[in-house]
**Student:** 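Below is a structure I'd like to ask you about.
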Protein chains: 2
Amino acid sequence: MVKYINQNPVLVAVDCIIFGYDGEHLKLLVIKRAIEPVKNQWSLMGGFIGPGEDLDGAAKRILLELTGLHDVYLEQLHAYGQPDRDPIERTVSVVYFALIDIHKYSKQINDQYHAEWFKLKEVPELIFDHNIMVKAAMDKIRYQAALHPILFELLPKKFTIPQLQNLYEQVYDSPIDNRNFIRKITASGLLIKLAEKDKSGSRRGAFYFKLDKQKHKAQFQSFLNFISKPK
Amino acid sequence: MVKYINQNPVLVAVDCIIFGYDGEHLKLLVIKRAIEPVKNQWSLMGGFIGPGEDLDGAAKRILLELTGLHDVYLEQLHAYGQPDRDPIERTVSVVYFALIDIHKYSKQINDQYHAEWFKLKEVPELIFDHNIMVKAAMDKIRYQAALHPILFELLPKKFTIPQLQNLYEQVYDSPIDNRNFIRKITASGLLIKLAEKDKSGSRRGAFYFKLDKQKHKAQFQSFLNFISKPK
DNA sequence: TCAAAAGTGTTGTGCATACACCCATGC
DNA sequence: GCATGGGTGTATGCACAACACTTTTGA
């Protein structure tokens, strides 16, 4: 079989930055690395691409392995290729980020990885360039969420407006005026009010809403301006 | 030296999508591929990453080889990893797009590649998945240009408002109201009017402007809304 | 004087912001 | 009855879109 001559093959890994939201805090799922080097240090979940597997496929596989979840919101973030980013062997990493409904994740699925959720502000030191990747992912999510309704991917089927608002406040790490917030959200027409209330957070209870999936899909590409523009 | 076991190294290439604007049309620079397979077919300019070279570095090198230009606007677009995208050998391609001032490009620089500029609408069939990459790059540029002043990268130091407007019209393939356009542009404060006029396009002549580089840098990250929102 | 492109203002509308109080309920 | 969080309305200003005519000047 013919090959390109004089080229150095390298390893290609896919790493996944997995975000979740428990109703209070935005969280990141990281694992204790199982192999040398830096075994047992905190790391993003990742793996090498298999033969016959494309990048998206590898990301889905890795996510499935760790979380047991299919059909997750997954987006390619960036490729990292510093020659020395992995001290053992040259490895180019293609990084994806995922937004999952944390309630669908069950710790039992795969305990071999010693996975743990950390609040975003309390994420420990990660191996290699993984901290940089996480920062880039947060920047991208803030950018995207300001224009497109991606944060719903983090919520369960039923959620309340206060939960949603808190999520935005977590992502942007700043308070939001709730009258204006509600107006924007309702104006977008993305939510369907349910009869049921969540009474866990207050005496009065907050109405549950669900996402109008048709509209969500239809409006995903248009610019929605959920977030006040920074002056 | 220790290595990861049981992994298949693959080739990693960097391909560059190079845009230029000649004052009339948005154009793409492609080359006639020099090596088998599909030798002599139209292709993006690319190359394999060298040892000791990171991805951005490889992109810069490739761009320099073809155009002779340093300090070009260059942005990573996406990584492509379909197992069979290159029929010879598994190759993951990390794609960058570049916006250059076409006047700085001189064909003499490097004629071995048989490079040619094509109007965007007349780009020929390219090898492998390169057409898909170009489409993705255009989508991204439209997205970016609607919010951030990136298109100035395509213009020479001195340019006229009609040129600039035509560039936006090329990118979005639709006419723009020039009163509203001028208002937005001047309101942004990004342009500095020069005394000189370009008399080549009309009897009356159009004033040259240059970019206020301070403001351009400062405002690059903020949302500018240059383009009317699609309803 | 005419053709061809450059340049210029106004108005209406909708959207974003700022801001403070009442509501419902369980204890 | 009171404490806690949920929910609601209005006034103001700004930014955008729609729209047509005058200016300049070389031929």
Side-chain angles (χ1 to χ4, degrees), chain A residues 23-24 145-149 155 158-170 172 174-210 219 222-231, chain B residues 23-24 145-149 155 158-170 172 174-210 219 222-231:
Chain A
E24 275 194 279
L147 300 168
H148 308 289
L155 292 165
K158 296 185 303 184
F159 53 87
T160 66
I161 301 266
Q163 269 169 34
L164 180 65
Q165 180 176 342
N166 178 264
L167 172 55
Y168 274 88
E169 289 174 337
Q170 293 286 315
Y172 291 95
S174 69
I176 295 173
D177 180 287
N178 80 315
R179 286 163 293 186
N180 293 333
F181 182 76
I182 291 172
R183 186 175 317 110
K184 279 189 198 179
I185 292 292
T186 54
S188 76
L190 289 171
L191 295 194
I192 298 170
K193 192 175 192 169
L194 303 178
E196 197 186 351
K197 274 188 170 182
D198 168 27
K199 312 278 279 188
S200 69
S202 69
R203 322 269 146 121
R204 183 177 175 179
F207 278 105
Y208 278 117
F209 288 77
K210 67 175 182 180
Q219 296 187 24
S222 50
F223 293 159
L224 293 177
N225 269 45
F226 281 129
I227 296 300
S228 324
K229 299 188 188 166
K231 189 57 208 172
Chain B
E24 274 195 278
L147 300 168
H148 308 288
L155 292 165
K158 296 186 301 185
F159 53 88
T160 66
I161 302 268
Q163 269 169 35
L164 180 65
Q165 181 176 341
N166 177 265
L167 172 55
Y168 274 88
E169 289 174 336
Q170 293 285 315
Y172 292 94
S174 68
I176 296 173
D177 181 287
N178 81 316
R179 287 164 291 187
N180 292 334
F181 181 76
I182 291 172
R183 185 176 317 109
K184 278 188 199 180
I185 293 292
T186 53
S188 77
L190 289 171
L191 296 194
I192 298 169
K193 192 175 192 169
L194 304 179
E196 198 185 349
K197 272 187 171 183
D198 168 26
K199 312 277 280 189
S200 69
S202 70
R203 321 269 145 124
R204 184 176 176 179
F207 279 104
Y208 278 117
F209 289 77
K210 66 174 183 180
Q219 296 186 24
S222 50
F223 293 159
L224 292 177
N225 270 43
F226 281 129
I227 296 300
S228 324
K229 298 188 186 165
K231 186 60 209 171

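Side-chain atoms are counted along with the backbone in the values below, which use heavy atoms only and exclude waters and symmetry mates. Chain A is the first sequence line, chain B the second, and so forth, proteins listed ahead of strands; every chain is numbered from 1.
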**Student:** Decide whether a cation-pi geometry holds between K193(A) and F209(A); the criteria are a distance under 6.0 Å from NZ or CZ to the six-membered ring centre and an angle within 45° of the ring axis.
**Tutor:** no
**Student:** Let me know the distance between CD1 of I182(A) and P of dT17(C), rounded to the nearest Å.
**Tutor:** 15 Å
**Student:** Taking CG from L191(B) and P from dG7(C), how many angstroms apart are they, rounded to a whole number?
**Tutor:** 12 Å
**Student:** Tell me, do D177(B) and F181(B) make a side-chain contact under 4.5 Å, heavy atoms counted?
**Tutor:** no
**Student:** Distance check needed: dT11(C) C1' versus N180(B) CG, whole Å only.
**Tutor:** 12 Å
**Student:** Rounded to the nearest 0.5 Å, what separation is found between the CG atom of L191(A) and the OG1 atom of T186(A)?
**Tutor:** 8.0 Å
**Student:** If you pin R204(B) and I161(A) to their nearest nucleotides in DNA chain D, which one's is more 5'?
**Tutor:** I161(A)
**Student:** From CG of N178(B) over to C1' of dA5(C), roughly how many Å is that when rounded to an integer?
**Tutor:** 10 Å
**Student:** Taking the nucleotide of DNA chain C with the nearest heavy atom to each, does R203(B) or R183(B) sit closer to the 5' end?
**Tutor:** R203(B)
**Student:** Specify the separation, in whole Å, of atom CG of D198(A) and atom P of dA24(C).
**Tutor:** 18 Å
**Student:** Roughly, in whole Å, what's the span from NZ in K199(B) to C1' in dT23(D)?
**Tutor:** 12 Å
**Student:** Quick check for you: to the nearest 0.5 Å, what is the distance between Q163(A) atom CD and L155(A) atom CG?
**Tutor:** 6.5 Å
**Student:** What's the CG-C1' distance between N166(A) and dG7(D), to the nearest Å?
**Tutor:** 17 Å
**Student:** Below the 4.0 Å mark, does dT17(C) have OP1 or OP2 next to a side-chain nitrogen or oxygen of K184(A)?
**Tutor:** yes
**Student:** Would you mind reading off the distance between D177(B) atom CG and dA6(C) atom C1', rounded to a whole angstrom?
**Tutor:** 14 Å
